[in-house]
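Structure first, commentary second.
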4 protein chains.
Amino acid sequence: MALGEEKRPPARGEVEKRGDVENRGDAEKTAERRASVGARRSEATEAAVLGATAALIAEAGYGALTMEAVAKRARAGKATLYRWWPTKAHLLLGLISQAKGSMPPPRGEGLRGELVAYISDMVALWRGDAGPAMGPLIRQCYAESWSNPDLALALQEERRERWTRLTEILNRAVTRGDLPQDLDLARAKDFLMSWPFYLLMTDRLPDAQSIAQMVDDSLGGLHGMK
Amino acid sequence: MALGEEKRPPARGEVEKRGDVENRGDAEKTAERRASVGARRSEATEAAVLGATAALIAEAGYGALTMEAVAKRARAGKATLYRWWPTKAHLLLGLISQAKGSMPPPRGEGLRGELVAYISDMVALWRGDAGPAMGPLIRQCYAESWSNPDLALALQEERRERWTRLTEILNRAVTRGDLPQDLDLARAKDFLMSWPFYLLMTDRLPDAQSIAQMVDDSLGGLHGMK
Amino acid sequence: MALGEEKRPPARGEVEKRGDVENRGDAEKTAERRASVGARRSEATEAAVLGATAALIAEAGYGALTMEAVAKRARAGKATLYRWWPTKAHLLLGLISQAKGSMPPPRGEGLRGELVAYISDMVALWRGDAGPAMGPLIRQCYAESWSNPDLALALQEERRERWTRLTEILNRAVTRGDLPQDLDLARAKDFLMSWPFYLLMTDRLPDAQSIAQMVDDSLGGLHGMK
Amino acid sequence: MALGEEKRPPARGEVEKRGDVENRGDAEKTAERRASVGARRSEATEAAVLGATAALIAEAGYGALTMEAVAKRARAGKATLYRWWPTKAHLLLGLISQAKGSMPPPRGEGLRGELVAYISDMVALWRGDAGPAMGPLIRQCYAESWSNPDLALALQEERRERWTRLTEILNRAVTRGDLPQDLDLARAKDFLMSWPFYLLMTDRLPDAQSIAQMVDDSLGGLHGMK
DNA sequence: AAATAACCGAGACGGTACGTCTGGTCTTTTT
DNA sequence: AAAAAGACCAGACGTACCGTCTCGGTTATTT
């Protein structure tokens with residue numbers, strides 16, 4: 001779920017929220033009832049819109065990403081567009097969510113190896129080594145989040161999800177005794193991610209060797225961190 | 001000098017055109033001659049424009065920063081505005097340059113003390129503890145730099161200047177033997193600055209205690225860095 | 001129809017997309033179907049725009065007739081304005097077309113009486129004896145037509161329509177034998193209209209008595225014209 | 001003298017193009033590198049300004065006639081331009097006055113012959129048969145005169161001067177007894193000129209044969225005019 | 001089979017900002 | 001003192017998007 005999407009139109013796929021807990025009497029009926037009559041959201045349109053978004057960004061940059069242009073290219077009505085993606089940032093988040101599955105499975109051995117692999121995978125995703133580059137999209141999302149608290153929350157959530165693997169890496173290392181038992185996990189993750197993030201923001205994504213160096217340097221701090 | 005400002009309008013610094021090449025005899029006279037006749041750039045207008053820019057941002061946020069509004073508020077013509085500040089980012093850079101002098105003098109003792117003082121001063125400038133907050137301005141500049149190479153260069157230069165004091169701190173520490181002789185200064189500075197920068201970009205500027213912790217953690221990495 | 005207005009916006013008359021090619025059987029049904037769905041042109045806006053145009057001209061003269069001012073006064077968007085009236089001349093023509101119906105019915109007896117009545121009516125319309133003065137509007141239209149071939153054509157058409165009554169007057173006179181059988185009607189009309197037109201252009205619209213004199217003088221030439 | 005020019009700066013003193021006819025060698029040079037400056041009005045500047053005016057109109061039409069462009073092309077300061085020609089119409093009048101001398105001497109025999117010759121000469125001047133076309137310039141002057149009383153007066157004066165020859169033709173005809181003794185000269189002139197003027201305004205300047213027909217038709221009215 | 005409800009495309013609408021251009025005025029330097 | 005050069009304020013120009021809306025037409029459920 002992204003960006004308070006549940007507040008706007010009816011619901012979509014999910015039906016029950018809170019009150020449904022009491023209505024246990026007709027449970028099976030609830031499950032099969034649609035939220036409403038009428039046509040459902042068109043999946044073809046959703047695909048067309050996200051495709052148009054990606055194409056516009058790829059062809060002419062973020063500056064050419066106009067709600068108007070997306071609607072026209074996707075052959076979608078502007079009302080439809082605004083109904084489901086009220087902001088350009090929603091479009092970007094949609095793209096990012098699409099790409100989320102493409103992160104490769106964890107790999108690497110030992111704390112250092114796992115960290116290097118993780119950061120390399122992330123940088124590859126940002127740089128677009130296999131598929132469209134996510135870096136510029138993420139940057140734009142952050143820029144819009146500065147004036148859009150909803151988006152800021154969504155990005156925080158996004159960060160949390162994306163760092164699941166990092167959390168696991170660190171937890172394993174603590175368990176193994178490679179890192180202090182009383183390590184402040186949140187700060188550790190910020191510390192580890194801040195350098196790659198900084199390079200993303202200044203448009204200087206590192207190569208493989210630099211990533212290894214970065215991990216080494218950061219580990220120096222990490223070992224003493226509480 | 002920021003942002004290729006010298007490329008656009010007339011000339012300003014240069015004097016010779018065609019015939020002046022022969023007049024090498026009176027070089028020092030040439031130096032004091034104006035490039036051309038005609039009125040000079042109005043300093044009052046420059047001040048009014050930057051003032052209007054600051055006021056608009058302070059009152060209604062960056063979203064309200066419109067070239068149109070700046071011109072109206074500064075009682076300046078739009079042509080004048082565009083002549084000297086062809087982009088909103090130019091206005092922001094103008095403000096940032098104005099604020100550059102307000103950094104307090106270096107203080108703190110020892111490597112750790114100096115770093116804590118330096119980062120604290122910078123965060124205070126970003127947060128606006130004494131004057132207008134520079135943080136949001138800087139963020140916006142970065143956002144625009146992603147689609148404006150000129151601005152990206154200008155920001156790089158800006159970073160370099162702002163980090164003069166940091167360079168001195170590190171150099172002293174190396175001289176004292178507090179840090180390795182073969183320290184890679186550029187990477188060290190990036191490493192040190194990335195965390196505060198990351199917090200700026202995610203709008204979570206740290207308090208005094210957190211800054212001390214950050215410095216401690218980073219120093220752990222720094223000591224082993226080559 | 002004025003000024004190629006039909007050429008601009010999308011399509012309007014065409015219906016077929018893909019599958020419609022087969023449905024050629026119901027041609028007359030096609031005729032009444034709208035070309036595309038979507039909101040139609042707002043008549044209220046049209047009235048507001050023409051009203052604003054008239055008001056601005058009346059209050060401050062043609063010099064104050066700014067597309068910007070019309071839009072603001074009519075509370076219409078500039079895009080709307082430009083969509084339907086791409087030129088100031090289009091606005092003027094709109095006003096003139098509005099006023100076209102206000103010409104009184106033919107009157108007068110005999111060739112001379114009819115001509116005097118016709119020219120008097122026209123001059124009254126120009127001078128604004130009953131309603132807004134059309135003269136200045138027409139003059140401005142001509143001025144713009146010099147650099148706008150579309151407008152020139154529209155004015156020619158406008159002239160043709162306005163002269164229908166004059167054509168009838170002359171035709172009746174020829175039939176009665178009051179004028180030569182082989183009269184060149186086109187030249188005769190030009191000849192008759194040139195004097196009032198000239199006075200309009202030099203801002204010296206004639207009074208009733210002068211009109212009678214003009215008609216008498218012109219008739220002298222008309223009787224011998226072939 | 002035209003257009004209240006005497007109210008503003010000194011006077012002028014009539015410039016007259018002294019020997020420019022001989023100096024054809026450096027004609028274009030005059031435009032680009034003048035002796036410039038000095039405490040007196042420069043005749044070279046006046047020539048350059050009018051030349052630039054004519055060139056701009058010839059090359060890109062009246063729409064491209066900008067005070068700014070004239071100044072730049074004539075290498076004159078805008079202040080200078082405004083001082084001597086406060087309106088575009090002043091520039092046009094300047095051009096028209098320049099061309100005034102180029103009317104050929106009277107010719108033709110008898111009232112009809114003289115009239116045909118006179119109108120033909122005028123139409124030739126308008127159409128630009130020998131030199132630049134004056135017709136469009138005159139039209140623009142009239143258009144501006146509708147919102148500029150000064151210019152309207154100047155044009156009236158202009159008309160009066162230009163019609164001197166016409167007055168003489170008519171006077172001779174009256175003396176000879178070819179026209180009524182009590183002919184209203186002013187109305188007669190208006191009557192004669194209105195048709196050509198009308199054709200000028202509707203951009204349909206007549207050929208030689210049409211002119212003869214026009215004169216014949218008009219004479220029909222003229223003979224009975226009092 | 002109807003009625004109903006939500007979806008969809010197209011696009012007109014009122015607005016607002018854009019970046020450019022011109023109009024006039026004023027300032028500075030040169031002659 | 002007049003001329004060039006040109007910076008200045010003011011504001012209209014025509015374009016592009018914004019986000020809202022209205023219009024017909026299309027599915028799907030509910031009655």
Point to revise | D/Glu68 side-chain proximity, nearest of E/dT25, F/dC9, E/dT22 | key: E/dT22
Review point. Could you state the NE2-P distance from C/His90 to F/dG14, rounded to the nearest angstrom?
Key: 12 Å
Check your understanding: Can you check the B/Glu43 CD to E/dT27 P distance for me, whole Å?
Key -> 16 Å
Point to revise | First of B/Lys72 and A/Lys88 reached from the 5' end of DNA chain F, by closest nucleotide | key: B/Lys72
Exercise for review: For the side chain of A/Arg75, starting at C-beta, report the closest nucleotide among F/dG6, E/dA17, E/dG9.
Suggested key: E/dG9
Exercise for review: Check whether any side-chain heavy atom of B/Leu92 lies under 4.5 Å from a side-chain heavy atom of B/Ile57, and answer yes or no.
Suggested key: yes
Review point. Can you find a side chain N or O atom of B/Thr80 that sits less than 4.0 Å from OP1 or OP2 on F/dA10?
Key: no
Point to revise | Among E/dT28, F/dA28, E/dC18, the one nearest A/Arg40 by side-chain distance | key: F/dA28
Practice item. Measure the distance from OH on A/Tyr82 to P on E/dC7 and round it to the nearest whole Å. Key: 18 Å
Check your understanding: Distance check: side-chain N/O of D/Arg83 vs OP1/OP2 of F/dA3, anything under 4.0 Å?
Key -> yes
Practice item. Look up atom NE2 in A/His90 and atom CH2 in A/Trp85, then write down how far apart they are to the nearest 0.5 Å. Key: 11.0 Å
Point to revise | 5' priority, DNA chain F, between C/Thr66 and B/Ala79 [closest heavy atom] | key: B/Ala79
Point to revise | Under-4.0 Å side-chain N/O to phosphate OP1/OP2 contact, D/Trp84 with F/dA2 | key: no
Exercise for review: Supply the atom-to-atom distance D/Leu81 CG to D/Glu68 CD, rounded to the nearest 0.5 angstrom.
Suggested key: 10.0 Å
Review point. Under 4.0 Å between a side-chain N/O of B/Ser42 and OP1 or OP2 of E/dT27, yes or no?
Key: no
Check your understanding: Hey, is the side chain of A/Arg41 poking within less than 4.0 Å of OP1 or OP2 on E/dA6, counting only N and O atoms?
Key -> no
Review point. Rounded to whole angstroms, how far apart are CZ on A/Arg73 and P on F/dC17?
Key: 14 Å
Check your understanding: Any side-chain N or O of A/Thr45 under 4.0 Å from OP1/OP2 of E/dG9?
Key -> yes
Review point. Would you say the side chain of B/Met67 lies within less than 4.5 Å of the side chain of B/Lys78, judging by non-hydrogen atoms?
Key: no
Review point. How many Å lie between CD on B/Glu144 and P on E/dC18, as a whole number?
Key: 11 Å
Review point. What is the distance from CE of C/Met67 to C1' of E/dG15, rounded to the nearest Å?
Key: 16 Å
Point to revise | Greater than 12 external heavy atoms within 6.0 Å of A/Glu59's CD | key: yes
**Study point:** Base F/dG19 to side chain A/Lys78, donor-acceptor N/O within 3.5 Å cut-off
**Key:** yes
Exercise for review: Take the protein atom CG of D/Leu81 and the nucleotide atom C1' of F/dA3, then report the distance between them rounded to whole Å.
Suggested key: 13 Å
